Trainee: 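Before we start, here is the structure in question, set down as structure tokens.
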Amino acid sequence: MLKPYSQLKAMLAITKASLRAIFRSPSAVIFSFLFPLIFILVFGFIGGRGRVSVRVAFDSKSDTAGIIYGVIKNFSGINVIEKNEALLKEDLEKGRLTAIINIQKSTVPVPPGNATVPYIIYLKSSDAVNPQNLEVLQSILDAVIKSADSRIYPDAPTIATISREVEKIPGRIYRTIDFILPGQLGFSLLSAGVFGVAFIFFNLRQTLVLKRFFATPINRSYIVFGEGLSRVIFQLITAVVILLIGHFAFKFTLVHGWITFLELLVLSFIGLVVFMGFGFIVSGLAKNESTIPPFANLITLPQFLLAGTFFSTDNFPQWLQPICKVLPLTHLNDAMRNVAFEGAHLTGCGKQIGILVLWCAVVYAVAVKVFKWE
């Protein structure tokens, strides 16, 4: 007696065959493994504790009535962050701020001539801050003070002096790799999801493989699930390799160890599912194989440049910020960095995951409309 046809076994057979084909594809291996690893190796070797920009805040007890406060705050080389005291302390501990500036009036005479310096600037920093950034901040403050001296107090020795005794609080060391690796992993998932799915399903349609599948009892949805599952397995293997190399070779931070590692894999899965939806759209819109790269690049290139892959989105102009915040890769990168370095769990990334889920619903609604079987 014949056994009933198993849709699940048929789907898994497609998954197995497709996965073998992916591993045999040089372009898939190069774009998924080699490119991200090259970037990780480069940035891993370049710097161990680099920060993206010099960001500061003013202590709540700072004298804000004096001229020196306005001069420092409006200086173009300093990015002033305004938050409550608890959040500023947390940012400082995590290396997001270079220092907290405290401006106080001074009554202590200093040489020459025992003149009184109007203000003393105190700095509070942390072990998580790159010492070079702290030196850069001190140099900027020196330049600001000298500029103010020449314009406002030409007859005084100086308008202010910087205390060289910097208060340090404990903090987790923030390395360049802690910023770069999540961005590279996210972009690897984006590239694989869009280009990989688009080329696979277009070629299956062009080579009439899908028509041959139709001659079998397997359901159409299982064909899609089988091919998609192979891509998911391959990319999660890629994510595992990238995370392990980053952690053990370059000390990429996994705050809660294996728990953080598994949460990053969950985020990778969510991001990949969203990006594969874009791939389905491209494969449906493409008229021939040569039109796939332009369509795919329209989706991947803006996210590669604007989603905080190499640089924080805070560095972009204000008019560009809304665009950066809309992109799905931005929220995947943010969620990964929050989980990996800041110790957040998936429950603390509700906003980012929610936006990714919203993108998923929109993208697959469009994919269903434009996807073609023949």
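Numbering starts at 1 and runs along the sequence shown. The structure displayed is predicted, hence computed values, not measured ones.
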Trainee: Should L298 and V274 be regarded as members of a common hydrophobic cluster, given that ILVMFWY residues are connected when their side-chain heavy atoms come within less than 4.5 Å of each other, either directly or indirectly?
Mentor: no

Trainee: Identify the two heavy atoms, one from A335 and one from C349, that lie closest to each other, and give their separation to 0.1 Å.
Mentor: O-SG, 4.0 Å

Trainee: Do side-chain atoms of T253 reach the backbone of A340 as a donor and acceptor pair under 3.5 angstrom?
Mentor: no

Trainee: Rounded to the nearest 0.5 Å, what separates atom CG in L254 from atom OG1 in T260?
Mentor: 6.0 Å

Trainee: Considering all heavy atoms of both residues, which atom of S268 and which atom of L236 are nearest to each other, and what is their separation?
Mentor: CB-CD2, 4.1 Å

Trainee: What verdict does the side-chain contact (heavy atoms from CB on, under 4.5 Å) test give for F202 and I292, after you've listed the backbone C-alpha separation in whole Å, the side-chain angles of each residue and the deciding distance to 0.1 Å?
Mentor: CA-CA 9 Å; F202 183 85; I292 292 179; 3.7 Å; yes

Trainee: Are side-chain heavy atoms of L332 and L189 found at a separation under 4.5 Å?
Mentor: yes

Trainee: Quick one: CG on N79 to CG on L97, what's the gap to the nearest 0.5 Å?
Mentor: 9.5 Å

Trainee: Is there a path from L262 to L356 through hydrophobic residues (I, L, V, M, F, W, Y) whose side chains come within less than 4.5 Å of each other?
Mentor: yes

Trainee: Would a distance-only check, ignoring hydrogens and angles, find a side-chain to backbone donor-acceptor pair under 3.5 Å from Q7 to N219?
Mentor: yes

Trainee: Could you check if a side-chain atom of D63 sits within less than 4.5 angstrom of a side-chain atom of Y69, using non-hydrogen atoms only?
Mentor: no

Trainee: Grouping I, L, V, M, F, W and Y whenever their side-chain heavy atoms are under 4.5 Å apart, do V266 and F252 come out in a common cluster?
Mentor: yes

Trainee: Could you tell me if the side chain of Y119 sits less than 4.5 Å from the side chain of K105, heavy atoms only?
Mentor: yes

Trainee: If you take all heavy atoms of I81 and A57, which pair is closest and at what distance?
Mentor: O-CB, 3.4 Å

Trainee: Is there a donor-acceptor contact under 3.5 Å from the side chain of S163 to the main chain of I120?
Mentor: no

Trainee: So do the side chains of Q235 and F269 get within less than 4.5 Å of each other, counting heavy atoms only?
Mentor: no

Trainee: Does the side chain of I100 come within less than 4.5 Å of V56's, by heavy atoms?
Mentor: no

Trainee: Looking at F261, I'd like to know if its CZ atom is crowded, meaning that more than 12 non-hydrogen atoms belonging to other residues, nucleotides or ligands lie closer than 6.0 Å.
Mentor: yes

Trainee: With heavy-atom distances below 4.5 Å as the criterion, would you say the side chains of E167 and N102 are in contact?
Mentor: no

Trainee: Between H331 (side chain only) and K325 (backbone N and O only), is there a donor and an acceptor less than 3.5 Å apart?
Mentor: yes

Trainee: For V363, what residues pass the side chain to side chain contact (heavy atoms under 4.5 Å, CB included) criterion, not counting sequence neighbours?
Mentor: F278, I281, W359

Trainee: Let me see the working for I145 and T161 under side-chain contact (heavy atoms from CB on, under 4.5 Å), right down to the final yes or no.
Mentor: CA-CA 8 Å; I145 291 170; T161 184; over 6 Å; no

Trainee: Return the orientation label for the F225 and Y222 ring planes: parallel under 30°, perpendicular over 60°, tilted otherwise.
Mentor: perpendicular

Trainee: Under a 4.0 Å N-O cut-off, is there an ion pair linking E85 with K61?
Mentor: no

Trainee: Going by the salt bridge (Lys or Arg N to Asp or Glu O under 4.0 Å) test, which pairs reach into residues 244-270, not counting sequence neighbours?
Mentor: none

Trainee: Run the numbers on F201 and E227 for side-chain contact (heavy atoms from CB on, under 4.5 Å), then give the verdict.
Mentor: CA-CA 9 Å; F201 276 90; E227 292 289 347; 3.6 Å; yes

Trainee: Closer than 3.5 angstrom, by distance alone: can the side chain of S188 be matched with the main-chain N or O of Q184 as a donor-acceptor pair?
Mentor: no

Trainee: Do N333 and T309 have side-chain heavy atoms sitting under 4.5 Å apart?
Mentor: yes

Trainee: So, for V197 and G279, which heavy atoms are closest and what is the spacing to 0.1 Å?
Mentor: CG1-C, 3.7 Å

Trainee: Could you walk me through whether K351 and D334 satisfy the side-chain contact (heavy atoms from CB on, under 4.5 Å) test, starting with their C-alpha distance in whole Å, then the side-chain angles of each, then the deciding distance to 0.1 Å, before giving a yes or no?
Mentor: CA-CA 10 Å; K351 175 186 175 183; D334 288 347; over 6 Å; no

Trainee: Are the side chain of R231 and the backbone N or O of G193 linked by a donor-acceptor pair below 3.5 Å?
Mentor: no

Trainee: Can you tell me which residue among K83, R55, K124 is in a salt bridge (Lys or Arg N to Asp or Glu O under 4.0 Å) with D91?
Mentor: K83

Trainee: Of all heavy-atom pairs between I121 and I72, which one has the smallest distance, and what is that distance?
Mentor: CD1-CD1, 3.8 Å

Trainee: Determine whether L358 and L272 fall in the same hydrophobic cluster, where Ile, Leu, Val, Met, Phe, Trp and Tyr are linked whenever their side-chain heavy atoms lie under 4.5 Å apart.
Mentor: no

Trainee: Counting only heavy atoms not in Y364 (residues, nucleotides, ligands), do more than 12 fall under 6.0 Å from its OH?
Mentor: yes

Trainee: Under 3.5 Å, side chain of Q303 to main-chain N/O of L329, donor-acceptor pair present?
Mentor: yes

Trainee: Got P328 and F275 here, is their nearest side-chain heavy-atom distance under 4.5 Å?
Mentor: yes

Trainee: Has T238 got a side-chain atom pairing as donor or acceptor with F234's backbone, closer than 3.5 angstrom?
Mentor: yes

Trainee: Using 0.5 Å steps for rounding, measure from the CD1 atom of I200 to the CG atom of L204.
Mentor: 7.0 Å

Trainee: Distance from I299 atom CD1 to L190 atom CG, nearest 0.5 Å?
Mentor: 8.5 Å

Trainee: Looking at every non-hydrogen atom in both residues, tell me the closest pair between S230 and T15 and how far apart they are.
Mentor: CB-O, 3.4 Å

Trainee: To the nearest 0.5 angstrom, please state how far the CZ atom of F250 sits from the CG atom of L181.
Mentor: 10.0 Å

Trainee: Would L92 end up clustered with L87 when hydrophobic side chains under 4.5 Å apart are linked, directly or stepwise?
Mentor: no

Trainee: Between N288 (side chain) and T291 (backbone), is there a donor-acceptor pair under 3.5 Å?
Mentor: yes

